[in-house]
Every structure is written in C-alpha cells, then in structure tokens.
**Student:** 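This structure is in structure tokens; I'll ask about it shortly.
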Amino acid sequence: MTSSYWERDTSRKIYAPLQKDLETEVLIVGGGITGIVTAWNLMQAGKKAVLVEGDRLGSGVSGHTTAHLNISVDAEYARIVNDFGEEVAKQVAEAASLAIELVGKIDSAHQLGAHYQKVPAYDWAETTQEIIELQRELKAAQAAGIRAEEVDDLNALPFPTGMVVRWEPNARFHPLKFIYGLAEVLLKAGVQIYEQSRVIDLTEEGDAMEATLENGTTIRAQQVVLATHSPIFMHSVHPRMAPYRSYALAVRTRQELPDYLLYDMKDPYHYIRKEADGVVIIGGADHKTGHAEDENDHLQQLKDWTEERFGIAEYLASWSAQVFEPADRMPFIGRSPSQKRVFYGTGYSGDGTLWGTFAGYLLSDLITGKENKWERIFSPSRLNISAEAGDFLKMNMEVAKDFVADRFQSDASDVKEVGLDDGKIIRQGVQQYAVYRDKQGGLHVMSPTCVHMGCVVQWNKLEKTWDCPCHGGRYKATGEQLEGPPAHGLRKADL
Ligand code: FES
C-alpha cells in the first residue's frame, strides 16, 4: 500500500491492544479525526470514554487526506440552496467555519505543533462552462453569508486563470501531528486508547451496547460512536453514498506556489495546498472505487498534470484515499436511525478533516444531551426526496450492475497468471476466487464476495488491496478488513 507524506514525516507512539473486558460510558470505534475529536469533546464534557482502533491511529483515510479546511465545501452552496434552501446553506457554512476554528483552537490550546495555518482559498475557472458554474456557486455562497468575492486574477499561478473567486476563512494543518498529539493529551486526561483492537460485533444487551473485539474481549458502553469513516456493519446510509478514490502527490515544484488552498473547476477537480516546509501537495484524478482499469494510470494523470502546470523539481510521495459522496451531498452526522445508542459521522465527500472535526463536536453534544442547532440538517434520518432521488437511483443502479456483472468477471483462468505481489479474480466453472501471490510466491486464495452485502471485490493495482465497488469496503491483499462497512475480512477459500 502507498504511504502518505504525513506518514513519512511523523514519529508516533504505539498503543497496546485491549486485553481485558471493560465497561465505559462511551465507546469510540476508530482513531481518525472523527474519533479523536469526539473523544476530546467528550473529555471536555466530563464523559468517560474508551477509544479503540482496528489498526493504528490515523492509519485510515485521516492519514491519507490532504487536510484542507475549506469553507468552499464539496456539497456546493448552489446545490444546497437549490435543494435545501438558503437557511440550510447558511448553517452549513457556519458549521464549516466552526470546524476550521476548532482545529486551530485545539492545536494551540494543547501546543500540538500540527502546523495549523489560516490561508486564503481560491477557485479558478478556465472554460465558459466552468465560469458559469463558478458564478452560480459564488452567488449562492454570498447568499449564505460567506466571505466570497470575485478577484481580478491569480497572478501567483503560471498560466491564465480565467474567473477567480477568493474564499475566507480556510486553514491547512498536518493531520497526523494533530491526531498523535491529541491522543497523548487524551491519554493524560484519562481516555483509554487501544490500537490493533478491531470491533467485529456490536449488540444491544439490556441497557447498554456490547462490542466484541477480534481477540474475544468485550466492551460494554452506554453509547457507541462508529468513527470508521463509513460506519461498520449494516446501516441505512450505505446505499445513500458512493465511494470514490482520489490521488495525491507531495512534490517540490519548479514554479514557486503561494501558501493558499487552490482549486480548479474540472470534473474531477484538482486541489492544491502547501505544507509548512514548502512542500506542495496536489490531489485529484478521482474515480469511482473499483471502476478503474488501472489505478496507476490515475496517479500518472495527476503527475502529468502537475508536471505540465507547475513542473516537478523533486518527487517526495504519492498515495490515494477513499471518499464517500452522499446522494444529497450533505454529510450524515448523528444518531443511527435504527440503534438509539449508536452514533456516526460519514459521507464527508472531499471534506474529511472538516466534517470529521465538526462530527466530533456535534456527536459529543448529542451524546451528552445538549441541544445542537445542526442536529436536524446533518441527521442520518433526514430524507429530502427531491435532493436525493436522482443520484440515489443512479448510484444504486450502478451497485446493482456491479453486483450482477462482476459475478461473471474474471481476470485470469489459472493461478499461473498471477504474478508476484499481484492479485486477480480467477473463475473456475461457476466459482470465482480472489487470488493474491505474495512477494515470496505464496498464494492466498479467498472468496471475492464482500462480507458486507455480497458484491464482488476488485483488485486495486496501485494499493494492492481488494476494493468493493458497492459501498467502499476494502481488504488487504491477504484478505484482512481494511476500511468501510465490513467488520471482518474476506473468507478463505480453496482452489
Ligand atoms: Fe457493501 Fe461490499 S461494502 S457490499
């Protein structure tokens, strides 16, 4: 798997796995931005919390984000105003602002050294169609009370930028320094943290929830937060979101770039920021999970675009990550519609650190029974048929197509065709197998049926993982659960 610039740049502490049964008020499952900020807010509210992470803190998408804290959210204000009205657009902007400030407040209060820096953000549009879209977005953003304005030019970029809009407020930060630093603060304040502690089952037992970990230990909690990016197990939000992969590069560019957040209006769009050390981080080349011919091609597209636009003087890291886009574009943050003691935040689109931080604040209020004006608009129970119907139908027709078509798929008919450190779906008669040959030549044979809802996983040639196109479940090459809704790994099989 690829590793991000953040992972290469940060030393970390190791936390031991949980070895004995526990009871607590709140169990937080997942040690990324959502989990860690929820724990911090609960600590402030005096709640007893335990945080468990299946792998290592920040090892999921929080360690692979590009960490933009931007007021110009992916949900798009023009769409929010159209689908939900101006008042909701105002509340979304206020929520985004709150998250941008909260990261800075936590970083400075605990001296995390997470390189938090307020910076301006600019969108630029090059074609007539892009200009029309940017004009529409600017109008809606201003109606929502956001400080957004058209400016003359973006002289700092080495090419004509057409229409340019400046946005405030925004910030950038180092996500892993933030997570690792805050974990230490939490630990000192009495929050228990366990790594390599994967939850594989969650049931309601009397007046509490009981979580069972892979090693058989259990945790009883009054409330549970599933901070696993997409909540593990079955939830009504899964068919209401589509998983996408996005790519990122850390480079030193020949053309000096300003310390701004920068976005073009392409589809998929490119996103650019600097880090405190002057390194430029560029993202884009998105595609639907499990739908790329070769994921390496998407990374190459991003490299080519960067070379062409700015010139690459030094190449430092490249990686990819997954995002979940809800059908109505608004994140789902709140209480599970089917389990009153279970809460989650998901559907952050490309604004993971922003909405993950906000989720930490909102979920804490819901858990402690404090009134919060954002409860309704982000609730997983919301249903706005006109906002959701078109995309919901489209994404679920694609899921149905994947579900059926992938059953007839095969990448090879014989294991001899599987090279070292490679994976292929092999078909023999009516049976399909997910086969990975490790670097030493050992074969790992698994059922390719995703344990979540039965779609067929696809081999990701860049990350060397098995990715599920339906709801973004991901597994390591050898089948262990990595991210998304499945709570355990692919089933072993015999060829
Ligand atoms: Fe839902 Fe695979 S993640 S079927």
Side-chain angles (χ1 to χ4, degrees), residues 1 29-30 32 54-55 60-61 64 198-202 226-246 286-292 295 320-327 332 336-339 342 344-349 352 380 391-409 411 423-425 431-436 446-460 463-493:
M1 286 182 284
V29 183
D55 196 336
V61 74
H64 295 83
R198 189 171 296 282
V199 171
I200 57 163
D201 194 26
L202 183 66
L226 298 177
T228 49
H229 196 203
S230 175
I232 49 170
F233 311 119
M234 301 277 190
H235 296 277
S236 57
V237 289
H238 291 142
R240 299 171 71 190
M241 307 189 289
Y244 285 81
R245 295 210 64 76
S246 194
D286 306 10
H287 63 82
K288 186 130 191 292
T289 298
H291 283 233
E295 287 76 6
S320 71
Q322 184 158 269
V323 301
F324 291 92
E325 288 198 357
F332 297 108
S336 159
S338 56
Q339 293 170 295
V342 175
Y344 52 75
T346 188
Y348 301 154
S349 300
D391 279 15
F392 176 82
L393 276 176
K394 193 169 150 238
M395 63 176 66
N396 283 287
M397 276 168 73
E398 276 177 19
V399 165
K401 204 166 124 233
D402 289 338
F403 188 85
V404 176
D406 291 347
R407 290 197 139 52
F408 298 96
Q409 172 224 346
D411 303 324
K424 286 194 189 323
I425 301 288
Q431 288 298 325
Q432 286 174 303
Y433 302 90
V435 180
Y436 168 66
M446 297 147 280
S447 161
T449 304
C450 177
V451 300
H452 179 233
M453 285 172 71
C455 289
V456 174
V457 295
Q458 304 290 311
W459 179 245
N460 181 325
E463 294 292 350
K464 315 242 180 234
T465 55
W466 298 103
D467 297 355
C468 179
C470 291
H471 315 112
R474 296 184 65 234
Y475 306 85
K476 290 181 184 171
T478 44
E480 297 85 2
Q481 193 261 11
L482 199 53
E483 72 168 300
H488 60 88
L490 293 174
R491 293 189 179 87
K492 299 283 175 215

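As the structure is a prediction and not an experimental result, all values here were calculated from the model. Because only heavy atoms are used, hydrogens play no part in the values below, and waters and symmetry mates are left out as well, while side chains stay in. Atoms within a ligand are numbered from 1 in the order they appear, just like the ligands themselves.
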**Student:** Closer than 4.0 angstrom, basic N to acidic O: yes or no for Arg245 and Glu295?
**Tutor:** no
**Student:** For Met241 and Ser230, what are the C-alpha separation, side-chain angles and deciding distance, and is it a side chain to side chain contact (heavy atoms under 4.5 Å, CB included)?
**Tutor:** CA-CA 9 Å; Met241 307 189 289; Ser230 175; 3.8 Å; yes
**Student:** Cut-off 3.5 Å, side chains only: do Gln322 and Arg474 have a donor facing an acceptor?
**Tutor:** no
**Student:** So how many protein N, O or S atoms does atom 1 (Fe) of ligand 1 have within less than 2.8 Å?
**Tutor:** 2
**Student:** Checking Ser447 against Arg491: is there a side-chain donor and acceptor pair closer than 3.5 Å?
**Tutor:** no
**Student:** Before giving the answer on ring-ring contact (aromatic ring centres under 6.0 Å, His included), spell out for Trp459 and Tyr436 the whole-Å C-alpha distance, their side-chain angles and the decisive distance to 0.1 Å.
**Tutor:** CA-CA 9 Å; Trp459 179 245; Tyr436 168 66; 5.7 Å; yes
**Student:** What's the separation between atom CD in Gln339 and atom CG in Leu226, rounded to the nearest 0.5 Å?
**Tutor:** 7.5 Å
